Structures are given as structure tokens and as C-alpha cells.
A.B. asks: 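Here it is: the structure, laid out below.
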Amino acid sequence: EKGGYEYFMLKEIAEQPQAIADTLLGRLSERGEIILDEVRLTDQDLRDVDKVFIVACGTSFHAGMVAKYAIEHWVRIPCEVELASEFRYRDPILDRSTLVIVISQSGETMDTLMALRHAKEQKARVLAICNSNGSTIPRESDAVLYTHGGPEIAVASTKAFLTQLVACYLIGLHLAQIRGVMYADEVAAVVEKLRATPDSLRTLLARMEDVRALGRDLSTASTVLFIGRHVGFPVALEGALKLKELAYMHAEGFAAGELKHGPISLIDQGTAVVCVVPSPAGRGVMRDKVVSNIQEVRARGARTIVIAEEGDDDVAAFADHLIMVPPTPTLLAPLMTTVPLQILACEIAAARGNDVDQPRNLAKSVTVE
Ligand code: M6R
């Protein structure tokens with residue numbers, strides 16, 4: 001049932017290229033338009049939206065954080081992301097023209113369900129992104145876009161996360177298309193890149209041996225820090241979450257720019273810091289900022305594990321370990337950069353003798369508040 005893999009988690013990591021392809025299937029036209037007729041919101045409903053709230057927990061929340069960057073950039077409407085357990089007890093300002101996107105792999109997470117009900121009471125329109133057909137969250141939502149990741153057995157979310165990202169990209173591009181904020185050829189250009197991601201990911205997955213070895217090596221570390229900027233920030237948080245949940249190890253993710261506002265004092269001789277470097281293409285300025293953050297931590301003794309884009313060879317000078325990922329446009333990069341972090345966490349957990357698929361104290365779907 002594990003298809004020859006040691007853990008469901010490894011199997012599900014390997015399934016990610018197919019899961020992305022399946023989530024795109026039938027939702028893109030030949031000409032590179034987004035087709036989301038299955039989502040029961042009319043074009044007029046979507047034109048009326050003047051604010052987006054994304055609400056979720058855990059890994060799904062990290063997908064929402066990435067979506068905020070994409071939606072604000074492509075659609076040019078305000079987008080907020082919030083943890084479901086916080087949103088629920090706040091008085092968010094919502095009305096009929098607010099689109100609330102709830103993201104849940106299981107569709108049964110109680111915190112997210114309560115947040116959804118809270119949004120509906122205030123007449124907001126709720127769109128669910130969900131991986132489980134017919135579960136409670138999509139049933140109670142006004143509309144749903146299913147991720148086609150297939151069943152996810154391991155408690156740690158992997159393929160569900162990447163397919164949630166894909167669903168968010170589709171929604172963002174669809175909104176931009178309908179509202180006329182992006183030209184058809186601009187949407188088509190992103191679509192072409194999205195279509196290429198399964199193949200790029202297959203290439204990346206084929207050369208993860210070094211990352212596995214690094215995982216074994218890091219298994220005795222007492223703490224691992226993760227830094228990233230822009231969409232690399234949620235990737236850093238996701239890398240840290242995977243490590244906490246699977247390896248029972250102290251791990252923290254930071255926005256790279258926040259280091260100097262406190263966390264940099266954590267760095268000591270040999271502290272492992274995983275650095276997610278933005279693509280040098282497009283907004284090269286962000287890449288340079290992260291590289292200087294890497295130099296800052298290195299100057300204080302950190303052991304740096306650098307995830308960068310192929311071709312960005314200059315970063316090698318600042319990396320104790322370098323992991324190269326295939327080039328992808330900035331907003332889509334989490335589809336690549338997250339994957340080595342999943343493998344790292346899996347390997348560290350296994351080396352520590354932990355139950356990778358069923359970590360202690362956790363359940364696959366959290367149906368209590
Ligand atoms: O089923 P959901 O997407 O609503 O679950 C949300 C979180 O409980 C979940 O993502 C959790 O953080 C994962 N175990 C992380 O790997």
C-alpha cells in the first residue's frame with residue numbers, strides 16, 4: 001500500500017508532480033485561460049468582491065500566506081490571511097462583497113469550520129479549497145474548488161499543500177481574468193509556467209539524495225532555524241512546522257528581514273539555518289537582501305543550508321550546503337522550494353527513530369477546537 005516506499009510521507013512527496021497535474025486538469029484551456037465553471041460563484045459575484053480573507057490552520061494556513069502575495073499582485077484587491085482559531089474570536093469586518101476562502105485538506109478541521117460559520121453569519125461569500133470530497137467544510141461553503149491530491153495518509157501534509165497552492169493560483173488568476181486586471185496573454189504566460197511545474201518537480205525529486213544525507217547529519221541538532229522573504233517566508237514557516245511535528249525538534253521560521261529585530265541573537269557557533277533564496281530573475285533585489293541576511297548569520301557562526309535557484313551560482317560562496325531547485329517565477333517558487341524541506345524533515349525524523357507517518361500527539365484531522 002506504500003507502493004515500495006518506507007513511509008506514506010515519502011510516497012506522498014513523490015506523488016506531488018502528479019497531484020499538481022491532476023489539480024490543473026480540466027481547469028486550463030488550450031489558449032491558457034482559467035476555466036473554473038465548477039465553482040458556483042457567478043462572474044458577477046467575483047467582480048463584486050472588494051476584499052479577500054483567507055482562513056485556515058497549520059500547513060493550509062501557510063498555503064494561504066502564499067496566496068496573499070499572489071492575489072494582491074495579480075488581482076489588486078486587499079487580501080488578509082488569518083489563522084482560523086483567531087479569526088473566529090475576532091470581529092472581522094465582512095459583508096456580501098467579502099470573499100472568504102477557507103483552505104482545508106480534510107474538510108473537517110473544527111477551527112476552520114467555526115471560522116467559516118462565523119463568516120457566513122456576516123453574509124460573506126465562502127469559497128472552500130478542499131481535498132476531501134463531500135466533507136463538512138465544502139458542504140457548508142457557498143462554493144468549492146477541490147484539490148485533486150488523492151488521499152493523504154501521513155499526518156504531515158505534503159501533496160495537499162502543493163495542490164492547495166495550485167488551487168490558490170487558479171483562483172487568483174481567475175479573479176484577475178474576470179476583473180480584467182490581467183491581459184489574456186499575461187494569464188497565459190503564468191499558466192504556461194504552472195503547466196511546466198510537474199516536470200520541474202520530477203527533476204528535483206530525482207536528485208534528493210544529498211538532502212536525505214543532510215537530514216541524517218542534522219538529526220542531532222538541537223535547533224534548526226528557517227529564514228525566507230516574500231513567498232519564501234511561508235515556506236520557511238512550513239519547513240519549521242514539518243520539523244517540529246515530525247522530528248520533535250525545536251525549529252522556527254522567520255521573515256529574513258526580522259532577524260536583526262531579535263532572532264539573530266539565537267545564532268551561535270554551528271546553529272543550522274535553512275535559507276530560502278528568492279529567484280534572481282524578476283525582483284533580484286529580494287534575492288540580494290536574503291543573500292546579505294545569509295552573510296549576517298554566517299558571520300555569527302551559523303551553518304547555512306541554502307535553497308536557491310539553478311543558475312544562481314554566486315550563492316555557493318555563502319552555503320555550507322547548497323540545494324538547487326529548477327527555475328520558477330517568484331510567485332510559483334514555493335512549489336519547488338518546499339519540497340527539499342519536506343524531505344529534510346522526513347529524514348531527520350526517521351534518523352531519530354520517530355514514527356514518520358504518525359507523529360506523537362497529533363491526528364490527521366483535528367475535529368476539536
Ligand atoms: O485538514 P486541514 O488542512 O484543515 O488541516 C490543517 C492542519 O491541521 C494541518 O495542515 C496540519 O498543520 C498538518 N499536520 C501539518 O503537516
Side-chain angles (χ1 to χ4, degrees), residues 23 27-28 33-57 60-105 107 109 111-132 135-147 161 163-182 186-187 190-191 194 231 234 331:
T23 302
R27 290 162 174 172
L28 304 174
E33 299 142 321
I34 313 289
I35 317 165
L36 292 185
D37 298 343
E38 65 197 288
V39 174
R40 288 182 321 236
L41 288 174
T42 65
D43 287 3
Q44 195 52 50
D45 290 340
L46 295 176
R47 277 190 208 105
D48 289 344
V49 170
D50 61 11
K51 181 163 194 183
V52 177
F53 263 102
I54 305 180
V55 182
C57 306
S60 302
F61 171 72
H62 298 152
M65 284 180 75
V66 173
K68 173 186 163 78
Y69 291 90
I71 290 174
E72 290 191 337
H73 183 72
W74 289 332
V75 193
R76 306 303 300 146
I77 48 178
C79 176
E80 287 188 39
V81 198
E82 194 160 0
L83 292 166
S85 54
E86 287 297 316
F87 179 86
R88 211 233 136 155
Y89 291 104
R90 228 165 41 79
D91 281 324
I93 298 152
L94 314 170
D95 58 31
R96 290 191 62 78
S97 52
T98 315
L99 177 66
V100 175
I101 303 178
V102 291
I103 309 179
S104 175
Q105 186 285 130
T109 301
D111 286 313
T112 310
L113 179 61
M114 289 309 195
L116 175 161
R117 291 181 179 157
H118 192 51
K120 287 203 78 175
E121 273 162 22
Q122 296 184 58
K123 308 279 180 271
R125 293 180 199 277
V126 180
L127 166 61
I129 293 177
C130 185
N131 196 44
S132 312
S135 54
T136 312
I137 287 173
R139 266 206 328 266
E140 292 202 14
S141 299
D142 297 304
V144 55
L145 180 64
Y146 281 108
T147 49
F161 178 65
T163 58
Q164 286 165 347
L165 292 178
V166 169
C168 291
Y169 295 140
L170 289 173
I171 290 169
L173 292 170
H174 186 56
L175 280 167
Q177 182 180 283
I178 284 182
R179 298 163 68 98
V181 207
M182 277 169 90
E186 292 174 311
V187 173
V190 184
V191 162
L194 259 178
V231 292
L331 286 166

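Fair warning: this is a prediction, and the values are worked out from it, not measured in the lab.
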A.B. asks: Out of curiosity, I171 CD1 to L99 CG, how far, rounded to the nearest 0.5 Å?
C.D. replies: 7.5 Å
A.B. asks: Among residues at least two apart in sequence or on other chains, which ones pass side chain to side chain contact (heavy atoms under 4.5 Å, CB included) with R76?
C.D. replies: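 Expected list: V181.
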A.B. asks: Do you know which two heavy atoms are closest between V81 and M65, and how far apart they sit?
C.D. replies: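 Residues V81 and M65, closest heavy atoms: CG1-N, 3.8 Å.
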A.B. asks: With sequence neighbours excluded, what pairs up with D45 under the salt bridge (charged side-chain N to carboxylate O under 4.0 Å, His left out) test?
C.D. replies: R125
A.B. asks: Checking S60 now: which residues fulfil side chain to side chain contact (heavy atoms under 4.5 Å, CB included) with it, not counting sequence neighbours?
C.D. replies: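 Side chain to side chain contact (heavy atoms under 4.5 Å, CB included) list for S60, sorted by chain: A56, I103, Q164.
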A.B. asks: Less than 4.5 Å apart, any side-chain heavy atom of V144 and any of V39?
C.D. replies: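 When only atoms from C-beta onward are counted, V39 and V144 do not touch, as no gap falls below 4.5 Å.
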A.B. asks: Suppose we screen for salt bridge (charged side-chain N to carboxylate O under 4.0 Å, His left out). Which residues come up paired with E33, at least two apart in sequence or across chains?
C.D. replies: R31
A.B. asks: Using the test salt bridge (charged side-chain N to carboxylate O under 4.0 Å, His left out), find all partners of R179 that sit at least two apart in sequence or belong to another chain.
C.D. replies: none
A.B. asks: Using the test side chain to side chain donor-acceptor pair (under 3.5 Å), find all partners of E86 that sit at least two apart in sequence or belong to another chain.
C.D. replies: none
A.B. asks: Does some side-chain heavy atom of L28 sit less than 4.5 Å from a side-chain heavy atom of I35?
C.D. replies: no
A.B. asks: Listed by chain and number, what are the side chain to side chain contact (heavy atoms under 4.5 Å, CB included) partners of E140, not counting sequence neighbours?
C.D. replies: L113, L116, R117, T136
A.B. asks: Could you work out, with side chain to side chain donor-acceptor pair (under 3.5 Å) as the rule, every residue matching T163, not counting sequence neighbours?
C.D. replies: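 By the side chain to side chain donor-acceptor pair (under 3.5 Å) rule, T163 matches no residue at all.
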A.B. asks: Give a yes or no on whether a salt bridge exists between K51 and D95, defined as a side-chain N under 4.0 angstrom from a carboxylate O.
C.D. replies: no
A.B. asks: Hey, does T98 have a side-chain heavy atom less than 4.5 Å from the side chain of Q122?
C.D. replies: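 Counting from C-beta outward, Q122 and T98 never come under 4.5 Å.
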A.B. asks: Side-chain contact test, heavy atoms from C-beta onward, threshold under 4.5 Å: evaluate it for L94 versus F53 and give yes or no.
C.D. replies: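 Yes, close enough: below the 4.5 Å cut-off.
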A.B. asks: Looking at residues at least two apart in the chain, or sitting in another chain, which of them share a ring-ring contact (aromatic ring centres under 6.0 Å, His included) with Y69?
C.D. replies: H230
A.B. asks: Start with the C-alpha distance between L173 and M182, add both sets of side-chain angles, then the distance that settles side chain to side chain contact (heavy atoms under 4.5 Å, CB included), and finish with yes or no.
C.D. replies: CA-CA 8 Å; L173 292 170; M182 277 169 90; 3.9 Å; yes
A.B. asks: Only counting residues at least two apart or in another chain, list the ones meeting side chain to side chain donor-acceptor pair (under 3.5 Å) with T109.
C.D. replies: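 So T109 forms a side chain to side chain donor-acceptor pair (under 3.5 Å) with S106.
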A.B. asks: Any idea which heavy atoms bring R88 and H118 closest together, and the distance?
C.D. replies: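 In this case the closest contact between R88 and H118 is O-NE2, 3.5 Å.
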A.B. asks: From E82 CD over to E80 CD, what is the distance, rounded to the nearest 0.5 angstrom?
C.D. replies: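 Going from the CD atom of E82 to the CD atom of E80 covers 7.0 Å.
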A.B. asks: Under the rule for side chain to side chain donor-acceptor pair (under 3.5 Å), what residues qualify as partners of Q44, not counting sequence neighbours?
C.D. replies: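 Per chain and number, Q44 pairs via side chain to side chain donor-acceptor pair (under 3.5 Å) with R47, D48.
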A.B. asks: Which distance, rounded to the nearest 0.5 Å, do you find between the CH2 of W74 and the CG of L175?
C.D. replies: 11.0 Å
A.B. asks: Output the distance between atom CD (Q105) and atom CD1 (I137), rounded to the nearest 0.5 Å.
C.D. replies: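 Spacing of CD (Q105) from CD1 (I137) equals 10.5 Å.
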A.B. asks: Over all heavy atoms of both residues, which pair between P92 and R90 is shortest? Give the atoms and the distance, please.
C.D. replies: CD-O, 2.9 Å
A.B. asks: Considering only heavy atoms from C-beta outward, does the side chain of S97 approach that of V49 to under 4.5 Å?
C.D. replies: no
A.B. asks: Do V102 and I54 come close enough that some side-chain heavy atom pair is under 4.5 Å?
C.D. replies: no
A.B. asks: Say you draw a straight line from CG of L331 to CG of L165; how long is it, rounded to the nearest 0.5 Å?
C.D. replies: 11.0 Å
A.B. asks: Could you walk me through whether V55 and F61 pass the side chain to side chain contact (heavy atoms under 4.5 Å, CB included) check?
C.D. replies: CA-CA 7 Å; V55 182; F61 171 72; over 6 Å; no
A.B. asks: Show, in sequence, the C-alpha distance, side-chain angles and deciding distance for C168 and I129, and conclude whether the side chain to side chain contact (heavy atoms under 4.5 Å, CB included) test is met.
C.D. replies: CA-CA 8 Å; C168 291; I129 293 177; 3.7 Å; yes
A.B. asks: What distance separates L170 CG from T147 OG1, expressed to the nearest 0.5 Å?
C.D. replies: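 Reported to 0.5 Å precision, the distance equals 11.0 Å.
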A.B. asks: Donor-acceptor check, side chain of D142 to backbone of V126, threshold 3.5 angstrom: yes or no?
C.D. replies: yes
A.B. asks: List for me each residue that meets side chain to side chain contact (heavy atoms under 4.5 Å, CB included) alongside K123, sequence neighbours excluded, and say none if there are none.
C.D. replies: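 With sequence neighbours excluded, K123 shows a side chain to side chain contact (heavy atoms under 4.5 Å, CB included) to R96, given in chain and number order.
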A.B. asks: Determine, stepwise, if the pair C130 / S135 fulfils side chain to side chain contact (heavy atoms under 4.5 Å, CB included).
C.D. replies: CA-CA 8 Å; C130 185; S135 54; 3.4 Å; yes
A.B. asks: For E72 versus C79, what's the shortest heavy-atom pair and its separation?
C.D. replies: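 Smallest heavy-atom distance, with atoms named: OE2-N, 2.6 Å.
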